[in-house]
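In the text below, chain A, chain B and the rest are named by the order of the sequence lines, each starting its count at 1.
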Amino acid sequence: MSRLKQFVLPDLGEGLTEGEILRWMVAPGDTVALNQPIVEVETAKAAVEVPSPFAGLVTEIHHQAGETVDVGSPIITFDTDPAAGPLADVSVVAPHPEVGDMVPPPPPEHAVEPVSAAAGALIGEVGPGGRTATLVGYGPKSATATRRPRAGAGQAAAMTLGGTGGVTVLTKPPVRKLAKDLGVDLTTVTGTGPGGTVTRGDVEGAAVSSASAPDAPAYDPATREQRIPVKGVRRMTAAAMVGSAFTAPHVTEFLTLDMTPTMELRTKLQALPEFAGVKISPLLLVAKALLLAVKRNPDINATWDEAAQEIVVKQYVNLGIAAATPRGLIVPNIKDAERLSLPELAVALQELAATAREGRTSPADMARGTITITNVGTFGVDSGTPILNPGEAAILCFGAVRPMPWVVDGEIVVRQVTQLSLSFDHRLVDGQLGSQFLADIGRLLSDPATALAWS
Amino acid sequence: MSLGSPATTDLVTETTPVATSTSAGPELVQLLTPEGERVEHPDYPLSLSDDEYRAMYRDLVLVRRIDVEATALQRQGELGIWAALLGQEAAQVGSGRALRPQDFAFPTYREHGVAWCRGVDPLRLLGLFRGVSNGGWDPQEKRFNLYTIVIGSQTLHATGYAMGITMDGAVGDADTAEAAIAYFGDGASSQGDVNEAFVWASVYNAPIVFFCQNNQWGISTPTGHQTRIPLYQRARGFGFPGVRVDGNDVLASYAVTRKALDDARTGQGPTLVEAFTYRMGAHTTSDDPTRYRLASELEAWKLKDPLERMKAFLYKQQIVDGGFFEALDAESADLAARIRQGCLAMPDPDPLSLFDNVYAETTQVLRDEREEFAQYLAGFSGGQH
């Protein structure tokens, strides 16, 4: 009877493929009880505490906090009978087989046929003693494989892998075919799927014999390079930006303007009782100007529906504000921003920023945006060529407001000057519309009284 | 339904108000306060024996233990998903115990406490959530329909069943007549199906109780986005009575449901019972409630815990001694161990069984497909790859 038991990361939601270890609540050497919380794991859906499936002594933790782990990978090993003396030639019992059985884990590329560890059971048969796991060799996950027994091999044929000759490569028929097609010798491929099975990705990797570096998270003094795993918000940002940049043909236009009247208005408004306790930032007034300009140029607030071959013009403005947060760049939006009064918009903006800073922005807050502002001015930068938030037709970049020489009535005077730039999706926004929209924003900011005429 | 345009929001603040997510308002029927004080209600007299009080508490404790163990099993990869009932034990045990053997219950996917009262082995529930069973029990035998995942559709099934009771002439005598009860939540109250069920039940005077556990959250949608009036008041518009009961009070949940069922059986037609309660945990194990609700709300509801008030009541009435709780703890631990063991030992179904119940009588096409699939599966069993 094996004492060492591994616990593999289960699918904590429905159809999740990975999770990030947030925090271990136990360490090697600790004694844990059944159902005692041992680790906190964050998935795409939730951060959850995972209770221990075993009672015993923690012998090893396989992944540290901060690591992203595939569902099905062992994360911790327990000695379930520490009173029985030292661990000598004790073999590890395979990770909980049910995970593979219950939830076909990962997406097709990484999917491996769920390997049943119900000992000696053919498909559909129950192994003796229910799901008693198959004994396997102790070692890294490539060796912790169990496999379906030979057809008709009868019962309880516990199978040991690794060490005893006869290389059998575990993989699915389609992957086998792929390997054949690509001329890859499966016996030379190291499987990374659950139980060491060879995945489609493994075969493809071997085929291009890519020089892809393995996990090397830290700084390497020899190369003077640091490799940082791409995950979480960074990965989503990268995917969204690449998607946007290579589907929507971007045009960017620039406008430099005298914002002095708006800056003066800001001081006046701040004194009004309606704005008590609310900060009127330049961004707020730019946001308001953009909303008024959308009203005059509704077609800018639209999306290109490739599937339906339609342009969807939206009668509501969910105003996205690009925010730098501890977790990375996110773009939460203010829903139905066009209906908000200036004080309401100010509050919404303030709350959005506070929520983002605290890292509490929910997926719903980031969904269904229709147009975005990126405020690079806060970093002291003048301008940029922003990339569209996917699914939107325009993004306004607001630069720093600086005292600059400006010509007024033929004289050079010092004025509060800023630059706006607007990127738009040229599939549905023509130069005329984009220019008008940007010019309207500029007019409102250089002469806020225009707002009275337009609202 | 309009979800939150500014205009609507203003109106909501003006007209709702009797109740927030933590305070139920004066119309709440309560027989046991959160402090465990027994109070009387003129419309719902209740006198139970000490044994009955003890049995109710036992149900609450065991049902919670099942739920906690199932949640742990999901986190350990043994269940695909679990919908926890934590916090709603009293509403379920109270209403479940009010059912007579001949009554028929139509659950959602969270009625583990009602299932317990109907004698469904908790392991049967786990089989469904483990993905090794599509049902798990005989609905006719248990008088408890299979879990319904689609939101609200069981209210129509229950209404149809109740109309059938009338057609069978099984309405009239309070002891022998039959009634149906449909469980659903505050989220489902916005579904078309539920409202259609209300209409049919009302105009056919069907012997049915609509038992709505208002646990304040439809996943992440607060009740304020589902309704502008207390939910029980909706019944009036459909032409039958509604009542709001403290869903964390097992005694009131029992008394109110019993009266509603008696009314149904004796031909008085449907009743909407709104059990005002709170989902203490996540919607399901795939959900993270800390993303959308405040800890302060949870803390407020902890003080209304359905088990604690019953425990305080038993103590104060000197109905039990310390030995009772110790024995119950032991029973509870045994139950948890039994369902854990049973869950781990559950066999996977034969993959070919998926062809079994497609039609009452199988067809040639199906037989061919079954054969083809069997050959495909056999391809995995060969030793050489």
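Under 3.5 Å, the side chains of Arg110(B) and His283(B) contain a donor-acceptor pair of N or O atoms.
Contacts of Glu344(A) with chain B are absent, with no heavy-atom separation under 4.5 Å from either backbone or side chain. Of the two parts of Leu186(A), neither the backbone nor the side chain holds a non-hydrogen atom closer than 4.5 Å to a non-hydrogen atom of chain B.
Among the candidates Val48(A), Val50(A), Val41(A), Thr43(A), the residue making the largest number of heavy-atom pairs closer than 4.5 Å to chain B is Val48(A).
Contact check on Lys311(B) versus Glu308(B) returns no salt bridge, with no Lys/Arg side-chain nitrogen under 4.0 Å from an Asp/Glu carboxylate oxygen.
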(message) What verdict does the ring-ring contact (aromatic ring centres under 6.0 Å, His included) test give for His63(A) and Trp24(A), after you've listed the backbone C-alpha separation in whole Å, the side-chain angles of each residue and the deciding distance to 0.1 Å?
(response) CA-CA 10 Å; His63(A) 294 279; Trp24(A) 280 104; 8.9 Å; no
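Put simply, the side chain of Asp287(B) never gets that close to the backbone of Ala282(B): no donor and acceptor are under 3.5 Å apart.
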